Amino acid sequence: MLSEPQNPHVYVAMFGGMPEHPTGLGMSVLRRAEALAKASVSTEILIDKFYCDYDRHTSRLMDRLEDLITFRSLHHDLAGQSVYPADVEYTAPLGTGEAWDYVQDNKNAEVQRGYEGGEYKHFVWWRGQKVNFIDHMRGRTRLRREWHDEAGAVCKVEMMNADNKTEVIRYIRRDGTCYMEEIVDPGSGRVRGYRGQPPRRREPVLPRLRRSLRVLDARVRASGRRHPCHHLRVRNEA
């Protein structure tokens, strides 16, 4: 007896982010996915771009879309982590204790400067009610810029040189470990290379990650463009 065929499933590679209120390419991709959903075809949109508030944007989008449309972050796959729940608890990543004092910028409401014992340590940029990034300072020199996600955890770190130029970008899991590095040319700001680190333990995400990368790689090769995934190799670690 023949089994019933499964509903078709389509992968769509999205080059760039998917904002909460998409326009242009993002809107085009969503309209195509909604047309497929009406024909009972499920669509999985693969997003290669990293941005700190991905979880918030996609969660709000999902509330307005057909059930057959889903999003998938390749950065989440590399990190071996899932999307935050909508009610995730937020902890502001600011210095604590009596030694810390934060002063509001008199021109930009989104900027604060943090002083520990009178010494300038933090340049803070807010995103609404949450911290977007913190520059860790030594005098007028930026040592690193730490980007924060929807829960307040560090998700990306830019390591600076003496000229305040980014040399290395590290992408961080929620447990504080690094899953990928980008090597940056400080002069041009262009990425020169990548180093990928899979999860330390074997996890079910690895087979899914390989499939995602193969799908994205095939799309990129067909378009004739180059993509960072060409340089990543995923291996199992005991």
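Counting from 1, the numbers follow the sequence of the chain as shown. None of these values were measured; they are calculated from a predicted model.
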Open item on the list: If you count heavy atoms of other groups shown closer than 6.0 angstrom to CG of D67, is the number above 12?
Closed with: no
Open item on the list: Tell me the closest heavy-atom pair linking R127 and C52, and the distance in Å.
Closed with: NH1-CB, 4.2 Å
Open item on the list: Treating D185 as the side-chain partner and G189 as the backbone partner, does any N or O pair qualify as donor plus acceptor under 3.5 Å?
Closed with: no
Open item on the list: Quick one about H122 and Y102 (side-chain donor to acceptor, distance below 3.5 Å, no hydrogens or angles considered), yes or no?
Closed with: yes
Task: Considering all heavy atoms, the nearest V83-S59 contact - done: CG1-OG, 4.0 Å
Open item on the list: Checking I169 against V184 for the side chain to side chain contact (heavy atoms under 4.5 Å, CB included) test, could you report, in this order, the C-alpha distance in whole Å, the side-chain angles of both residues, the deciding distance, and whether it holds?
Closed with: CA-CA 7 Å; I169 299 175; V184 180; 4.0 Å; yes
Open item on the list: So, taking the atom named CD1 in I47 and the one named NE2 in H57, what distance separates them when rounded to the nearest 0.5 Å?
Closed with: 10.5 Å
TODO: Taking R113 for its side chain and V103 for its backbone only, find out whether a donor-acceptor pair lies under 3.5 Å.
DONE: no
Task: Check ion pair D135-R142 (N to O, under 4.0 angstrom) - done: yes
Open item on the list: Using a 6.0 Å distance limit plus a 45 degree cone around the ring axis, check whether R174 lies over the aromatic ring of Y84.
Closed with: yes
Task: H148 vs K130 side-chain heavy atoms within contact, under 4.5 Å - done: no
Open item on the list: To check you understand the geometry: which heavy-atom pair defines the closest contact between L78 and Y179, and what is its length?
Closed with: CB-CD1, 3.7 Å
Open item on the list: Treating E44 as the side-chain partner and F71 as the backbone partner, does any N or O pair qualify as donor plus acceptor under 3.5 Å?
Closed with: no
Task: C178 versus R170, closest heavy-atom pair with distance - done: SG-CB, 4.0 Å
Open item on the list: Distance alone, cut at 3.5 Å: any donor-acceptor contact between the side chains of Y54 and E150?
Closed with: no
- [ ] May I ask whether V29 and L36 are part of the same hydrophobic cluster, defined by side-chain heavy atoms of I, L, V, M, F, W, Y residues being less than 4.5 angstrom apart, directly or through others?
- [x] yes
- [ ] Answer yes or no: does atom CZ of R31 have more than 12 heavy-atom neighbours from other residues, nucleotides or ligands under 6.0 Å?
- [x] no
Task: Pairwise distance OH(Y51) to NZ(K49) - rounded to 0.5 angstrom - done: 8.0 Å
Task: Cluster link Y120 to V131, ILVMFWY, side chain under 4.5 Å - done: no
Task: Separation of M137 CE from F123 CZ (nearest 0.5 Å) - done: 8.0 Å
- [ ] Heavy atoms only: give me the nearest M62-I69 pair and the separation to one decimal.
- [x] CE-O, 3.2 Å
Open item on the list: Measuring from atom CD of Q112 to atom CH2 of W125, what distance do you get when rounded to the nearest 0.5 angstrom?
Closed with: 12.5 Å
Task: Distance-only polar pair, side chains of H76 and D55, donor-acceptor under 3.5 Å - done: yes
TODO: List the steps, then state whether side chain to side chain contact (heavy atoms under 4.5 Å, CB included) holds for Y171 with F50.
DONE: CA-CA 9 Å; Y171 295 93; F50 177 89; 3.6 Å; yes
Task: Between CZ on residue R145 and NE2 on residue H136, distance to nearest 0.5 Å - done: 11.0 Å
Open item on the list: Check for me, please, whether L94 and L143 land in the same ILVMFWY cluster - side-chain distances under 4.5 Å, paths through other members count.
Closed with: no
- [ ] Consider only side-chain heavy atoms of I, L, V, M, F, W and Y, link residues closer than 4.5 Å, and tell whether F133 and V111 are in one cluster.
- [x] yes
Open item on the list: Nearest 0.5 Å, please: how far is NE2 in H75 from CG in D48?
Closed with: 7.0 Å
Task: Joint cluster assignment, V12 & L61, ILVMFWY side-chain distance < 4.5 Å - done: yes
TODO: Show the numbers, then the answer: is there a side chain to side chain contact (heavy atoms under 4.5 Å, CB included) between L25 and M14?
DONE: CA-CA 9 Å; L25 178 59; M14 179 72 189; 4.0 Å; yes
Open item on the list: Under a 3.5 Å distance rule, please check whether D53 uses its side chain to pair with a backbone N or O of R56 as donor and acceptor.
Closed with: no
- [ ] Could you go through the salt bridge (Lys or Arg N to Asp or Glu O under 4.0 Å) check for R32 and E34 one step at a time?
- [x] CA-CA 5 Å; R32 188 171 303 177; E34 288 176 330; over 6 Å; no
Review item, side-chain donor-acceptor pairs of residues 154-161, under 3.5 Å, at least two apart:
unit_1: E158; atom_1: OE1; unit_2: T166; atom_2: OG1; d: 2.8
unit_1: E158; atom_1: OE2; unit_2: W147; atom_2: NE1; d: 2.8
unit_1: N161; atom_1: OD1; unit_2: D163; atom_2: N; d: 2.9
unit_1: N161; atom_1: OD1; unit_2: N164; atom_2: N; d: 3.3
unit_1: N161; atom_1: OD1; unit_2: K165; atom_2: N; d: 2.9

- [ ] Provide the closest heavy-atom pair for H9 versus T43 in the form atom of the first, atom of the second, distance.
- [x] CE1-C, 4.3 Å
